[in-house]
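Single-structure report; data block below.
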Amino acid sequence: MSPTHSWATAFAPASVGNVAIGFDILGFSVGALGDRVTVSRTGTKGVTITEITGVAGPLPTDPLQNTAGRALLAMHEALQPGFGFAMRIDKGIPLGSGLGGSAASAVGAVVAANALLPQPRSSLELLKYAMQGEAVASGSLHVDNISPSLFGGLVLTVGIDHPRMKQIPVPEGIRAVIVHPQMFLSTRQARAILKRSVELSDFVWQTANLAGFISGCYTNDLDLIRASFEDVVIEPQRQALIPGFQQVRQAAMRAGALGCSISGAGPTLFAWAQAKDAHGVLEAMRREFAAASIAVDEWLVDVGADGAQVVEAG
Ligand code: HSE
């Protein structure tokens with residue numbers, strides 16, 4: 001598409017952050033749901049949000065208080081394009097679900113705005129603008145949802161000031177089971193409860209698990225992935241926020257999952273499973289939530305959809 005559009009709409013996929021063992025640095029994109037953001041040129045300078053529709057409840061339209069608004073302001077301030085941005089956001093990702101909704105809006109905003117620039121910027125530069133949006137939602141800069149939503153795939157991001165990202169290969173035939181209990185969990189709250197320090201033994205265990213998990217992905221070693229798929233630092237502190245967590249996780253593992261953990265800050269849970277086991281894992285997780293009288297949304301997807309793209313422009 002020509003970079004001289006007067007408006008553009010981008011679709012940015014949802015994502016599963018942390019992937020159990022990569023707190024704030026590892027995530028994968030989920031194409032089954034996402035946010036659509038339309039950005040138009042305006043004659044007035046600055047950033048405005050004209051409308052927010054979709055599955056999310058009331059969200060602030062003050063750009064400074066809005067994840068997509070903050071990301072677009074960062075881009076506008078850095079690039080001074082000589083025109084303003086007006087933005088419409090259509091939320092497809094439930095608020096406070098742990099599926100990277102704030103990241104998707106921020107990513108959608110910068111990808112759509114990029115299509116209006118005479119000289120579009122690199123995705124790595126867009127990453128820096130988009131990550132400013134996360135600070136609004138969670139109070140801190142983290143990239144585990146932003147990177148997969150922007151680049152697509154299972155993505156490791158190293159560094160904040162000078163981020164480097166790596167798309168990690170996912171062994172053939174692995175599927176992701178995603179089950180969202182229909183409740184709201186604040187990312188800010190789920191981060192606030194975390195202890196500021198980690199026991200040395202847990203640090204060693206978690207480091208080994210992250211290294212083992214990534215090595216297992218590169219070498220198609222499903223046994224190593226299964227053995228490494230355990231968050232010994234964050235999950236034990238957050239699980240009490242999710243009713244039925246232990247029962248759902250144990251049921252997924254009994255049904256043959258390679259691992260099951262909290263998606264981002266929760267309350268969504270996700271599992272990885274081989275294709276032959278994936279339906280059984282989904283069924284097991286669904287059953288446990290139903291036993292706790294918790295209504296859910298559910299998806300069975302490939303790990304790592306395409307990243308954000310412009311889907312319409314004029
Ligand atoms: N890595 C973040 C967390 C994801 O777990 O708090 C939430 O957006």
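Any value given below was found using the heavy atoms of this structure, including those in side chains, with hydrogens, waters and symmetry copies removed. We're numbering straight along the sequence, starting at 1.
- Counting only heavy atoms from C-beta outward, the side chains of I25 and L156 approach each other to under 4.5 Å.
- In terms of heavy-atom proximity, P171 sits nearest to G216 at CG-O, 4.2 Å.
- Side-chain atoms of R41 come within 3.5 Å of backbone N or O of L116 as a donor-acceptor pair.
- Distance alone, capped at 3.5 Å, is enough to place a donor-acceptor pair between the Q167 side chain and the G152 backbone.
- A distance-only check finds a donor-acceptor pair linking the side chain of R70 to the backbone of L64 [under 3.5 Å].
- A donor-acceptor pair under 3.5 Å is formed between the side chain of R238 and the backbone N or O of A190.
- Side-chain contact between S263 and I178 is absent, with no heavy atoms from C-beta onward closer than 4.5 Å.
- A donor-acceptor contact shorter than 3.5 Å links the side chain of S29 to the backbone of A305.
- In terms of the salt bridge (charged side-chain N to carboxylate O under 4.0 Å, His left out) criterion, residue partners of E235 (sequence neighbours excluded) are, by chain and number, R249.
- Judged by distance alone, the side chain of R36 and the main-chain N or O of G34 form no donor-acceptor pair under 3.5 Å.
- For residues 200-215, no residue pair satisfies the salt bridge (charged side-chain N to carboxylate O under 4.0 Å, His left out) rule, not counting sequence neighbours.
- Counting only distance, with no hydrogens or angles, the side chain of K91 and the backbone of T53 share no donor-acceptor pair below 3.5 Å.
- Within the 4.5 Å cutoff, the side chain of V179 has no heavy atoms near those of the V248 side chain.
- Proximity of a side-chain donor or acceptor of N66 to a complementary backbone N or O of T61 within less than 3.5 Å is not detected.
- Between L117 and L79 the shortest side-chain heavy-atom distance falls below 4.5 Å.
- F289 is not listed as a side-chain neighbour of Q247, based on a closest heavy-atom distance of 4.5 Å or more.
- Of all heavy-atom pairs between D231 and A20, the closest is CB-O, 2.9 Å.
- Every pair passing side chain to side chain donor-acceptor pair (under 3.5 Å) that includes a residue from residues 7-21 is listed here, sequence neighbours excluded: T9-T38, S15-N145.
- The list of salt bridge (charged side-chain N to carboxylate O under 4.0 Å, His left out) pairs with a residue in residues 99-124, not counting sequence neighbours, reads R121-E125.
- R175 is linked by a salt bridge (charged side-chain N to carboxylate O under 4.0 Å, His left out) to D302, counting only residues two or more places apart in sequence or in another chain.
- L95 places a side-chain heavy atom less than 4.5 Å from the side chain of L59.
- Two residues are said to be in side-chain contact when any heavy atoms from C-beta on lie closer than 4.5 Å; L73 and Q132 fail this criterion.
- Side chain of H76 to main chain of F83: a donor-acceptor pair is present (N/O by atom type, distance under 3.5 Å, no hydrogens or angles).
- Minimum heavy-atom separation, V55 to G92: CG2-C, 3.5 Å.
- Of all the heavy atoms in I193 and Q237, the pair that sits closest is CD1-O, 3.3 Å.
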Quiz: residues 264-285 side-chain donor-acceptor pairs under 3.5 angstrom, not counting sequence neighbours:
from: T268; atom 1: OG1; to: S97; atom 2: O; distance (Å): 2.7
from: E283; atom 1: OE1; to: R286; atom 2: NH1; distance (Å): 2.5

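- Among all heavy-atom pairs drawn from V310 and A8, the shortest one is CG1-CB, 4.2 Å.
- Judged by distance alone, with hydrogens and angles left aside, the side-chain atoms of D24 form no donor-acceptor pair with the main-chain N or O of H142 at under 3.5 Å.
- Closest non-hydrogen pair, T67 versus S105, comes out as OG1-CB, 4.0 Å.
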